[in-house]
Amino acid sequence: MLIPIPFEKKIKVENDVIDHFNHVNNLAYIQWVLDISKKHWTSFSLESVRNQFGWMILKHEVHYKKQAKLNDELIIKTWIDDFSTATSVRKTTITNTKTKQLIFDSEAQWCFISLKTLKPTRLTSDILKPYFENL
């Protein structure tokens, strides 16, 4: 069984993501997922790999569990849960640091692509190895 190496970041909810219901706008959650996914990729991969390859999202399922409000401190955590020849499944959670409650989770399927051709490209163990403890 593969053991993923998660990546996490702490953020504080700022006024610019608060909507007319006085909680975090749905689009902010999606942007946070995209931001941490990119940060995970750039932190764990070599620049030479990033110059040749990238990721394109195929589908994304999100679940809003609780509301986050202004000044809440949150932990956003992501990891690669599974992969196949040219795709991976990335999971992301957002938890309130004070209450420890899960407020959001998502699962996204990403396709690994060549930046030159923009076509799916085979995921090799060299590319995946930094994301798993035992690959």
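Model, not experiment: these values are computed from the prediction.
A side-chain donor-acceptor contact under 3.5 Å links R50 to the backbone of S45. Between the side chain of S43 and the main chain of H40, no donor-acceptor pair closer than 3.5 Å is present. Using a distance-only test at 3.5 Å, with no hydrogens or angles considered, a donor-acceptor pair links the side chain of N134 to the main chain of M1. Using a distance-only test at 3.5 Å, with no hydrogens or angles considered, no donor-acceptor pair links the side chain of T97 to the main chain of L74. Checking side-chain atoms of S114 against main-chain N and O of K116 turns up a donor-acceptor pair under 3.5 Å.
Nearest heavy atom pair, residue I113 against residue W55, reads CG1-N, 4.3 Å. Shortest non-hydrogen contact noted between V17 and V13 is CG2-CG1, 3.8 Å. Smallest separation of non-hydrogen atoms from L102 and I94: CD1-O, 3.5 Å. Of all heavy-atom pairs between T78 and R90, the closest is OG1-NH1, 3.0 Å. The shortest heavy-atom contact between S88 and I80 is CB-CG2, 4.0 Å. The two residues H60 and A108 have their closest heavy-atom pair at CD2-CB, 3.6 Å.
Here L2 contributes atom CG and E133 contributes atom CD; the two are 10.5 Å apart, rounded to the nearest 0.5 Å. Taking CZ of R122 as the start and OG1 of T85 as the end, the distance is 5.0 Å to the nearest 0.5 Å. In this structure, CZ on F83 lies 12.5 Å from CZ on F112, to the nearest 0.5 angstrom.
Of the candidates K98, K10, K12, K9, E73 forms a salt bridge (Lys or Arg N to Asp or Glu O under 4.0 Å) with just one, namely K10.
Side chains of T92 and I76 form a contact here, defined as non-hydrogen atoms less than 4.5 Å apart. You'll find the side chain of L58 stays beyond 4.5 Å of the side chain of W110, heavy atoms only.
Under the 4.5 Å side-chain heavy-atom criterion for ILVMFWY residues, no single connected hydrophobic cluster contains both I36 and I75.
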Kindly determine whether F132 and F44 satisfy ring pair (Phe, Tyr, Trp, His ring centres under 6.0 Å), including the steps that lead there.
CA-CA 10 Å; F132 296 92; F44 284 45; over 10 Å; no
Given the rule in the ring pair (Phe, Tyr, Trp, His ring centres under 6.0 Å) test, do W79 and Y131 qualify, once you have shown the distances and angles that lead to the verdict?
CA-CA 8 Å; W79 63 95; Y131 300 91; over 10 Å; no
